[in-house]
Each structure stands twice: as C-alpha cells, then as structure tokens.
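The structure appears right after this line, and notes come after that.
Computed from a prediction, not measured in an experiment: that's the story for all the values here. Naming: A, B, ... by sequence-line order, numbering from 1 per chain.
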Amino acid sequence: MAIRDDFEVATQQLRTGLQRFALVLLVLAAFIAMLIGKADSVLVEKARVLALDLASPALEAIARPVAAANRAIADLKEFTSLREENARLREENSRLLAWQTAARRLENENERLRELARFREGPEASYITARVVGDSVSAYVRGALLNVGRKAGVTPGQAVLTGEGLAGRVAEVGDNSARVLFVTDVNSRLPVQVERTRERAILAGNNSALMRLTLLQGMAGVQPGDRIVTSGSGGSFPVGIPVGEVVRGGNEGSIRVRPFADFSRLEFVRVVDYGITGLVNTGPATSDGQRTH
Amino acid sequence: MRADGLLARLDRIGRLALPGTVLLFFVLLTLAPLRVPYLSDTLPLLPALVVFQFSLATPERLPGPLLLVVGVLLDLLLGGPGAPIGVSALGFVLIRAAVVANRRYLVGVPFLFQWIGFCILGWLFMVLVWGFTALWTWTAIDPVPAMMQYAVVIVIYPLLAPLIARVRPRDPLNVPELSRGTAQPGETAI
C-alpha cells in the first residue's frame, strides 16, 4: 500500500510538472503568434482570408435564420407603430414627389449643359450585391463579412453602400468572402467634402456611433444638418456618395457626423466596382482600370 | 476492454467532442449578425465563458492546444487591422490554467462562488485583450464598450453557464483525478 502511495505521489508530481511546462509552452506559443502577427502582416492577411473563406459557409448557414429572426422582431416592433408610420410616410411621399419634379428638371438641364460643354463623364460604376453573413463588431473593430469575394470581382478598397449611403470599404478579400471596414471603425479615414460649402475634409471613425470631421482648410461655417459626401480624393471612391450628417458643429476637432447607413440592420449591401483602383495600386493597374470601360 | 456497441461508442465520441464543438460554435456565433441590443455586443466574450465553464466541468476534454488553435481562429476572424493575433488564445489558455489550478475550491461550492470566479477571470481576460489591442495598435482605445461587454456577459453567465455544462461535485471531493475513477468506498475517506 505504501509503495503504491509513493508511486502515486511521484506520478502526481510528474504530472503537475508536465502540466506547468505545457502551460509555459502554450503561453509562449500564443506570444509567438502575436509577434509573428506583428512582424509579418502579409502572412496574417493570408491567414485571415483563409479563415474567412473556411468560416464563410458556416456563417452563411447561421446568417439566414438569424436574419429571419431579426426581421420578425423588427416586424413586431413596427406593428405597434403602424398608424404613425403610415402618416409619416404619406407626408414624406408628398415631399419627395415635389423633389422628384425638381430632380427631373435639373437632370434635363444638366444633360443639355453637358452636351454644350462636351463634358466627359467619369467611368461608370457597376455594382455587386452581397449578403452580410457576419458582423465583426466588437469593442475593438467595426465591420462586417460579405458572401462575395474575388470570384465576383471584389477587390480591396472598393466602396460598400447601403440604400442610405456609404457603409465602408472592402478591407480583405477571399475567394468567396470579403471583410468590410465600416466608416465608424477606428482605422477608417475617408476623404469627404461638405456638400453645401464644398470644403474638403477627412472623416475619421472612432468605434463609436459618431464620426469626427477634420477640416483641411479651416472651419468656416460647418453647421449641424450639413450633409457630408465623399470627395473622390484618392480616386478609389466615386464622388458624391452620401456618408452622413453633421450633428454637432463647433471648433475643429469637435465636429461630429452621424452616418446615414444604419449599421444595426444591414442585411444586403452593394459593392461599387468603380473600375479605378486608385492610389492603392497605381502603375499598370490604372491602365487596366480604364480598359474595362 | 469490453467491445462497445455502436451507440455507446457514438456516445463516448460525442461526449469527447462536445466541448470543442460548443466552443467552435460560439466562436462562429461571435460573427453572426445578431441584432439584439446588448446581446450582440457581448458575443465576443462568450467563448471565454464557454472556456471557463468547460474548464470547470470537464477540463480533460478541452485540452490547451485546442484552446490555442481556436483562440487564434477567433482572433483571425474577428480582429481588425493591426489587432494582435493570439491574444484570445493566450487568454483562453490562462483561464483554463487558472480554473484547473483552483478547481478543488470551485467545484462543489455554491453557484454564487463559481459566478464570482467567472467575474474575476472575465475581468482579467477583458483587461488582457484590451491592453494588448491598445498596445499593438498603439492607440488609446475607449475602454467603455469593453466594460459594457463585460457587464452584460457577467449578467448572462448564470443563464447560460448551466446550459453549457453542469458542474457536478464529484464525490469524493478533493481526490486526485487519477484515482478518482477507481477509488473504492472507504479507501480515501480520511
């Protein structure tokens, strides 16, 4: 009995020793992974894309029932306010009809003026419609995963739109998946202009619901309610896509912009294939971009 | 060894694979576009909850290397540009080690104490991830969303944890794992 106990004690000590050693090894491995990730961003990018492609089918399977459930909840919520919603829509419709008349008149006028001036329009954009299969929203990142990728013609840097306005840009592309970085992400810097004054500015995300506007040429008269649109500087984005609305004016640095896109109900988005890869890939890519149009 | 029937074998394989599968499911669920307020924000911390609970219930079925792989996968899937790859793996491994080291005090005590244990380890996990992300991207990240996540996941723990795995006080308590299965009545009752 005593021999057996001794043996057990010895094996127990050996086991604890091994376990400690294993823990040290595992912690070391995690640190090495972090260091590799810091040092070799190309490798990390490849690994990310691979993981995305692998997870994408499973995510798509999860996304559909989740979307159905979300819709059901939204329907229930709307059911209670149907009457007010109807009244609001009727009012908005009459207002929009007036705008439509104005828009038609302006479009005609614009066309005639362009003919007169022999204005050459920029390349025409084509759209790729995608389903949002995953959110990558956490305390540290604001983004989403799409079910289209390189095979559908998606490349990094393309603009991603919702019905309301710009949602973000494509950050990583796999064969059948892509990751979008929202304009509200802390890494997002977007060249924009104030629609009313045509002032150029940079719109920076900070992972919160509102974005910060940094003006490049002073801050003359940005008011709450001003619309912010893309300026097309840098070339990768079309000009004039609505991005958001100024909710708080003031000094430079304290101007806050609310995005038009409603990130809490994204289900389908459009990826804009503008045909220009912009400053991201200059060189042979530009002639390639023009060839497609 | 006795030849097992097919069902028994399936049952055993299922039991062995369950923790890993549940963990993988919650890693994927992290990315699911759930639009439930509060709940969807807390999803990134749920894998840590799963790791804690299984480490408490059946640590032998959730080995460290598996945690390393799943943690790296979670970082790859979730991480934004510049975020550290492997910080979740580090957190998972440390949670498992902390739980396993203190298991004899955590198993067989009232549920409240397990909850407190999770509160402490969850807090450390959140601080670890926040700290490394801030260090790696070299930006001052607003800690409020991370704290909100933490607050919600703590409230969720008593609802979710018993569903994931039931922690049973195995008798006799405080017996080394090796001899637990073969212990005869009276042999260790001192």
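Annotation: maximal heavy-atom pairing with chain B below 4.5 Å, among A:Gly37, A:Ala51, A:Ala69, occurs at A:Ala51. If you tally non-hydrogen atom pairs under 4.5 Å between each of B:Leu68, B:Leu29, B:Leu67 and chain A, the highest count goes to B:Leu68.
Listed in order of number, the residues of residues 52-59 of chain A that approach chain B to under 4.5 Å between heavy atoms are A:Leu52, A:Ala55, A:Ala58, A:Leu59.
Both the backbone and the side chain of A:Val27 have a heavy atom closer than 4.5 Å to some heavy atom of chain B. In this structure, no portion of A:Ala22 lies under 4.5 Å from any heavy atom of chain B. Residue B:Leu28 touches chain A through both its backbone and its side chain, counting heavy-atom pairs closer than 4.5 Å. For chain A, the nearby part of B:Leu94 is the side chain; its heavy atoms alone come within less than 4.5 Å. Contacts of A:Val49 with chain B are absent, with no heavy-atom separation under 4.5 Å from either backbone or side chain. Contact annotation for B:Leu73: only side-chain heavy atoms (C-beta onward) come within less than 4.5 Å of a heavy atom of chain A. Within the 4.5 angstrom heavy-atom criterion, atoms from both the backbone and the side chain of B:Val129 approach chain A.
For the pair A:Met34/B:Ile85, no side-chain contact is recorded, criterion being any heavy-atom separation below 4.5 Å from C-beta on. Between A:Arg48 and B:Leu77, the closest side-chain pair of non-hydrogen atoms is not below 4.5 Å.
No more than 12 heavy-atom neighbours from other residues, nucleotides or ligands sit within 6.0 angstrom of CZ on B:Phe113. Atom CZ of B:Phe132 sits in a crowded spot, with more than 12 heavy atoms from other residues, nucleotides or ligands closer than 6.0 Å.
In this structure B:Ala48 satisfies the side-chain contact (heavy atoms from CB on, under 4.5 Å) test together with B:Phe92, B:Ile95, B:Phe125, sequence neighbours excluded.
Within the model, atoms CZ of A:Arg179 and CG of B:Leu31 stand 7.5 Å from one another, a figure rounded to the nearest 0.5 Å.
Heavy-atom minimum distance, B:Gly86 versus A:Ala30: O-CB, 3.8 Å.
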